Amino acid sequence: MHLIAQLASGQGIEQGGWRWPTEAAGAFINEDIYLKAAQLAEKAKLDGLFMTDVPSVNVDLRNQPPQASLDPVVLMALMAKATERLGLVATMSTSLSEPYTIARVMRSLDLVSKGRVGWNVVTTGTQEVLLNYFPGVLDHSHKHARALEVWEAVLRLWGSWPEGALKLDKAGIFADAAQIQPINFEGKYVTTRGPILLPPSPQGQPVIFTAGGGQYGYAFAATKADAMYSNPPTLDYAKAFWRELSASIRQAGRNPNQFTIYNGIGVSIASSEQEALQRRARLDEMGDPASRRQYLSHMLGIPVAELPLDAPIPAALLQRARPNARDQRSPYAYDLAMKGFTIRQVLAHGPINYHPIFLGTPEQVADKFQLWFEAGVGKGFCVVPDSGLESLTDFVEQVVPILQKRGLLRTEYSGTTLRQHLGLPYQNGFPDKD
Ligand SMILES: Cc1cc2nc3c(=O)[nH]c(=O)nc-3n(C[C@H](O)[C@H](O)[C@H](O)COP(=O)(O)O)c2cc1C
């Protein structure tokens, strides 16, 4: 099993996480929180720490911090010095940056971390983000056509300084300059002359991650990426998705065994299932409970927003409920309601969370990871704690040892680079040039 961890904007996945009494309220701008998270992830021998990036104010700042905060690359440069083996995966959008910027920044990070970096390639679906950078936005197919150009140009730039070209011979030969040549990349959307100004890292170049929905994102994952952060709403979806994606990877002439999919999972750990539910109910109250109740109504097709929170949904009303066919998480919400849970308890189970929620004792949470893993959802998971560093600590100290004892997780790193953690060979440059 492969695991990476994510801390969202320093405070975990729940909107109310920043209010949790024992978590740092200002975590989103506190680099020490991220550094501790990285050190914890390394202590647990995880593949890496993963950072998404959505640079805009897209939440209600009156009661929650921005979804993204400090720039991932800045944080990862710090993490590179605070850790030795941990992979560092930073998001840079192909819609927001030019290829030379991405190639240089990622190569710098890869060099200062001694080959532990992943570039998470995203195209950015959110209009507010795109408008922070440009006056207008590229239409959909153009955005993805640009993404392919940016990806190719970045890889060609990386390859423009081959392994071995750096000589550092104090007799007076710094590099074999004949090997370091311009690439003269001219696309429809981006151009870059090159060469890159930095040599490859011990792993050659960063591992290519992607996190995208839709047909274009899927095609990119199947044909270009080494790893993917995926957001399955249910176990059945995750199984079907990996079945299809691995077939598409094979069809593209690539090996699905060398591809790591990380299914995003939220975790809430306590000393009993009941306590985990109570913890989650409290976090719900600290977030935006009214909108959650509203959304539950939408999932069940009946108005529950104004009903008492601590009572089951009345049977007469429940008879009219139907899981919303447009949201695959709805059958879970429906099942919970039909079992007679109160509205508060239904919500606490997490049916309307962005990620499936594994909750309960450390054993129960470990069982859930094992169940999903053995069900065939691909190799890995991206773990997102509910409230922040404290809940990540619980995961690392209480759940990871169980998974290690069951032989599901590594107990030591065998390699030093992220490529080695993922079983990938050294690579520097665009594949057809290797
Ligand atoms: C699991 C997941 C994570 C994503 N993370 C990011 C991110 O960190 N930053 C970003 O700009 N876009 C992110 N996206 C958005 C995608 O890059 C993409 O824009 C989105 O899936 C919409 O697809 P479209 O671009 O074809 O409209 C993410 C998407 C998914 C499904």
Side-chain angles (χ1 to χ4, degrees), residues 4-10 13 28 34 48-59 65-76 88-98 101-102 105-106 117-134 136-151 154 189 206 208-225 227-234 237-238 241-242 244-245 259-266 327-329 353-356 377-378 380-384:
I4 51 176
Q6 198 193 143
L7 203 55
S9 58
I13 197 67
F28 82 113
Y34 291 92
L49 200 89
F50 179 83
M51 290 191 73
T52 58
D53 196 31
V54 187
S56 70
V57 174
N58 59 351
V59 297
Q67 221 185 323
S69 54
L70 296 167
D71 189 296
V73 172
V74 171
L75 287 173
M76 290 198 160
L88 304 168
V89 186
T91 298
M92 279 189 92
S93 169
T94 54
S95 303
L96 308 181
S97 297
E98 296 301 308
T101 309
I102 297 173
V105 164
M106 284 289 154
V117 168
W119 170 29
N120 183 35
V121 179
V122 297
T123 50
T124 304
T126 326
Q127 183 121 337
E128 297 113 43
V129 177
L130 296 166
L131 291 173
N132 285 344
Y133 289 78
F134 306 107
V137 297
L138 279 176
D139 77 35
H140 199 236
S141 64
H142 288 236
K143 185 174 71 171
H144 286 277
R146 179 189 155 103
L148 289 179
E149 285 187 8
V150 172
W151 165 79
V154 168
Y189 302 93
I208 301 296
F209 275 64
T210 190
Q215 49 164 340
Y216 295 106
Y218 180 88
F220 185 86
T223 60
K224 315 274 187 274
M228 180 180 202
Y229 167 48
S230 161
N231 243 341
T234 64
Y237 178 99
F241 186 78
W242 176 241
E244 274 170 39
L245 183 63
F259 188 99
T260 311
I261 186 164
Y262 294 97
N263 294 284
I265 299 292
D327 189 326
Q328 297 189 49
R329 300 166 300 175
N353 272 75
Y354 188 56
H355 299 290
V377 299
F381 301 95
C382 179
V383 180
V384 198

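Please read all numbers here as calculations on a predicted model, not as lab measurements. We count ligands from 1, going down the list as the structure has it; atoms in each ligand are counted the same way.
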* Asked: Atom CH2 of Trp119 and atom CH2 of Trp151: how far apart are they, to the nearest 0.5 Å?
  -> 9.5 Å
* Structure fact -> The protein heavy atom nearest to atom 24 (P) of ligand 1 is His140 NE2, 3.2 Å
* Audit row: Gln6, Tyr229, side-chain hydrogen bond (donor to acceptor under 3.5 Å, both in side chains) steps and yes/no -> CA-CA 11 Å; Gln6 198 193 143; Tyr229 167 48; 3.2 Å; yes
* Donor-acceptor contact present, side-chain Thr94 to main-chain Val122, <3.5 Å -> yes
* To do: Could you establish whether Val129 and ligand 1 come within less than 4.0 Å of each other, counting only heavy atoms on the residue side?
  => no
* Asked: Do Asp53 and ligand 1 have an N or O pair less than 3.5 Å apart?
  -> yes
* Going by the angle between their ring planes, with limits at 30° and 60°, are His144 and His140 parallel, tilted or perpendicular? -> perpendicular
* To do: Could you pull out the closest heavy-atom pair between Met92 and Ser97, with the gap in Å?
  => CE-OG, 3.9 Å
* Asked: What atoms in ligand 1 come closer than 4.0 Å to a heavy atom of Tyr229?
  -> 1 (C), 3 (C)
* Sub-3.5 Å N/O-N/O distance, His144 and ligand 1 -> yes
* Asked: Any non-hydrogen atom of Ala211 lying under 4.0 Å from ligand 1?
  -> yes
* Asked: Quick one: nearest non-hydrogen protein atom to atom 17 (O) of ligand 1, plus distance?
  -> Thr123 N, 3.0 Å
* Asked: Looking only at distance, does Tyr216 have an N or O less than 3.5 Å from an N or O of ligand 1?
  -> no
* Asked: Would you say Thr260's side chain and Ala227's backbone share a donor-acceptor pair under 3.5 angstrom?
  -> no
* Aromatic rings Tyr262 and Phe209: how do their planes relate, parallel, tilted or perpendicular, breaks at 30° and 60°? -> parallel
* Asked: Ignoring hydrogens and geometry, is there a side-chain-to-backbone donor-acceptor pair from Asn231 to Asn263 under 3.5 Å?
  -> no
* Which of the atoms in ligand 1, numbered in the order shown and given with their element, are less than 4.0 Å from a heavy-atom of Thr52? -> 8 (O)
* To do: Check for a donor-acceptor pair, side chain of Glu128 on one end and backbone N or O of Asn58 on the other, with a separation under 3.5 Å.
  => no
* **N or O pair under 3.5 Å between Val122 and ligand 1** => no
* Asked: Will you find, in the side chains of Tyr34 and Ser69, an N or O donor that is under 3.5 Å from an N or O acceptor?
  -> yes
* Asked: Mind checking whether Gly125 has an N or O less than 3.5 Å away from an N or O of ligand 1?
  -> yes
* Structure fact -> Closest to atom 20 (C) of ligand 1 among protein heavy atoms sits Gly213 N, 4.2 Å
* Closest contact, heavy atoms only, Lys143 versus Ser95 -> CG-OG, 3.3 Å
* Check whether any N or O atom of Ser93, backbone or side chain, sits under 3.5 Å from an N or O atom of ligand 1, and answer yes or no. => no
* **Heavy-atom nearest neighbour in the protein, as seen from atom 11 (O) of ligand 1, with distance rounded to 0.1 Å** => Thr124 OG1, 2.7 Å
* Asked: Which ligand 1 atoms does Lys143 reach within 4.0 Å, using its non-hydrogen atoms?
  -> 24 (P), 25 (O), 27 (O)
* **Gly212 heavy atom under 4.0 Å from ligand 1** => yes
* Structure fact -> Counting from 1 in the order shown, the ligand 1 atoms closer than 4.0 Å to a non-hydrogen atom of Asn231 are 1 (C)
